[in-house]
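All remarks here apply to the structure that follows.
In this text, all values refer to a predicted model and were calculated from it rather than measured experimentally.
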Amino acid sequence: QVQLVESGGGLVQAGGSLRLSCAASGLTFRNYAMGWFRQAPGKEREFVAAISWGGGHTVYTGSVKGRFSISRDNTKNTVYLQMNSLKPEDTAVYFCAKDSSGIVGHTNVADFPSWGQGTQVTVSS
């Protein structure tokens, strides 16, 4: 049973930073690419970032490039999302997800078979 547990969300002022963490269990973590998605009220879940199995390749959605950074520590079975220069439009529930393969390239919800419960990020103006 794959378990993904996000943490690190909260309330932050615009321009501030947060680091989200996703702790994984029940899988061979290092074999899989990992991703972050987010979902704002009334909107579809959208891709944010993904990282390859070894951490050497990353991909970001255009709205977060230069502000967010995804990383992973395979010795700790943890993936991170460092979020800087946060904007109110970043407000959403952020979800950690496991890809179906070890490489990046997937950006669709359907390509990620396992999900965490989400953590709320709220950015005030």
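Distance check, rounded to the nearest 0.5 Å: CZ of R72 to OG1 of T58 gives 12.0 Å. Interatomic distance, K87 NZ to S63 OG, rounded to the nearest 0.5 Å: 8.0 Å. Remark: Y80 OH to C96 SG distance equals 11.5 Å, nearest 0.5 Å. Between atom CH2 of residue W36 and atom CG of residue L20 there is a gap of 4.5 Å, rounded to the nearest 0.5 Å.
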Open item on the list: Assess the residue pair V48 and M83 against the criterion (side-chain contact (heavy atoms from CB on, under 4.5 Å)); give the C-alpha distance rounded to whole Å, side-chain angles, the decisive distance to 0.1 Å, and a yes or no.
Closed with: CA-CA 11 Å; V48 176; M83 305 184 294; over 6 Å; no

Task: Residues Q82, S71; criterion side-chain contact (heavy atoms from CB on, under 4.5 Å); working and verdict - done: CA-CA 8 Å; Q82 179 67 46; S71 62; over 6 Å; no

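F68 has its side chain out of reach of T61: every pair of non-hydrogen atoms, C-beta onward, lies at least 4.5 Å apart. Y60 is not listed as a side-chain neighbour of I51, based on a closest heavy-atom distance of 4.5 Å or more. Side-chain contact between R38 and L81 is absent, with no heavy atoms from C-beta onward closer than 4.5 Å. With a 4.5 Å cut-off on side-chain heavy atoms, F29 and M34 count as touching.
Using modelled atom types, one side-chain atom of R67 and one backbone atom of S85 make a donor-acceptor pair closer than 3.5 Å. Distance alone, capped at 3.5 Å, places no donor-acceptor pair between the D99 side chain and the S52 backbone.
Listed here is the closest heavy atom pair of V2 and G26: CG2-O, 3.7 Å.
Under the 4.5 Å side-chain contact rule for hydrophobic residues, V79 and L27 share a cluster. Residues I70 and F47 do not share a hydrophobic cluster, clusters being chains of Ile/Leu/Val/Met/Phe/Trp/Tyr side chains in contact below 4.5 Å. Under a hydrophobic-cluster definition in which Ile, Leu, Val, Met, Phe, Trp and Tyr are linked whenever side-chain heavy atoms come within less than 4.5 Å, directly or via other members, V109 and V59 are assigned to the same cluster. Both V12 and V64 are assigned to one and the same hydrophobic cluster, defined by single-linkage of ILVMFWY side chains at heavy-atom distances under 4.5 Å.
Within a 6.0 Å radius of CG in L11, other residues, nucleotides and ligands contribute more than 12 heavy atoms.
At least one cation-pi condition fails for R45 and F37: the charged atom is not both under 6.0 angstrom from the six-membered ring centre and inside a 45 degree cone around its axis.
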Would you give me the side-chain donor-acceptor pairs under 3.5 Å for residues 114-125, sequence neighbours excluded?
| from | atom 1 | to | atom 2 | distance (Å) |
| --- | --- | --- | --- | --- |
| W115 | NE1 | F112 | O | 2.7 |
| Q117 | NE2 | E6 | O | 3.4 |
| Q117 | NE2 | E6 | OE1 | 3.4 |
| T119 | OG1 | G9 | N | 3.3 |
| Q120 | NE2 | A92 | O | 3.4 |
| Q120 | NE2 | T122 | OG1 | 3.3 |

